[in-house]
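As structure tokens, the structure follows; a few thoughts come after it.
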Amino acid sequence: MEYALADTGVWYGIFDSRDSRYNEAQSKIIFFESFKIVIPWPTVYETLRTRFVKNKPALKLYETFLKKPNFEYLDDSVYRDEAFRLSVESSLNGRPISMVDCLLRLIIDDPNAKINYLLTFNQPDFIDICKKNRVEIL
């Protein structure tokens, strides 16, 4: 089975009808059925922001989705310190990248993680690392 990561923006787009990418994101749902989805906990924390949890229909759909058998939660503790360092360093040097995006980049770059696909609307922050590791952006 092939493995995929999803950036937080995709979660918003799929479940929150108020999101500007909602219609575009609906076409990505099929990918969540086709792959083993690797879920690093920071993407869940970032998704469950106050605005999102106040949207009960979206929250219920998200919760149901995350309980699917093809979803695998990743212990991201091995990436945390480096993600923090990279986020601060890159941001201070003119390329602001969130800590969660840095963590996703580290996972993509880890040969043990075996990621085949990345679902994101934010290609600029990932194109280099995906190309280097032959990870297809969907």
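- A ring pair (Phe, Tyr, Trp, His ring centres under 6.0 Å) with F32 holds for exactly one of Y62, Y117, W11; it is W11.
- Using modelled atom types, one finds no donor on one side chain facing an acceptor on the other under 3.5 Å when comparing T120 with N122.
- Separating the CD1 atom in I37 from the CZ atom in F31 is a distance of 10.0 Å, to the nearest 0.5 Å.
- Of all heavy-atom pairs between C102 and I97, the closest is SG-CG2, 3.7 Å.
- The backbone N or O of I129 lies less than 3.5 Å from a partner atom in the side chain of N133, making a donor-acceptor pair.
- Checked against I14 for a side chain to side chain contact (heavy atoms under 4.5 Å, CB included), the options I29, L119, D19 give a single hit: I29.
- Residues R80 and D76 are paired through a salt bridge, judged by an N-O separation under 4.0 Å between the basic side chain and the carboxylate.
- Stacking of R18 on the aromatic ring of F52 is not recorded, the 6.0 Å distance cut-off and the 45° axial limit not both being met.
- Note: F65 and F71 have perpendicular aromatic rings, judged against thresholds of 30 and 60 degrees for the angle between ring planes.
- Taking both residues in full, the closest heavy atoms of A83 and L106 are given as N-CD1, 3.5 Å, listed atom of the first, atom of the second, then distance.
- Under a 3.5 Å cut-off, the side chain of N116 and the backbone N or O of Y3 do form a donor-acceptor pair.
- Here K60 does not pair with E63 in a salt bridge; the nearest charged N to carboxylate O distance is not below 4.0 Å.
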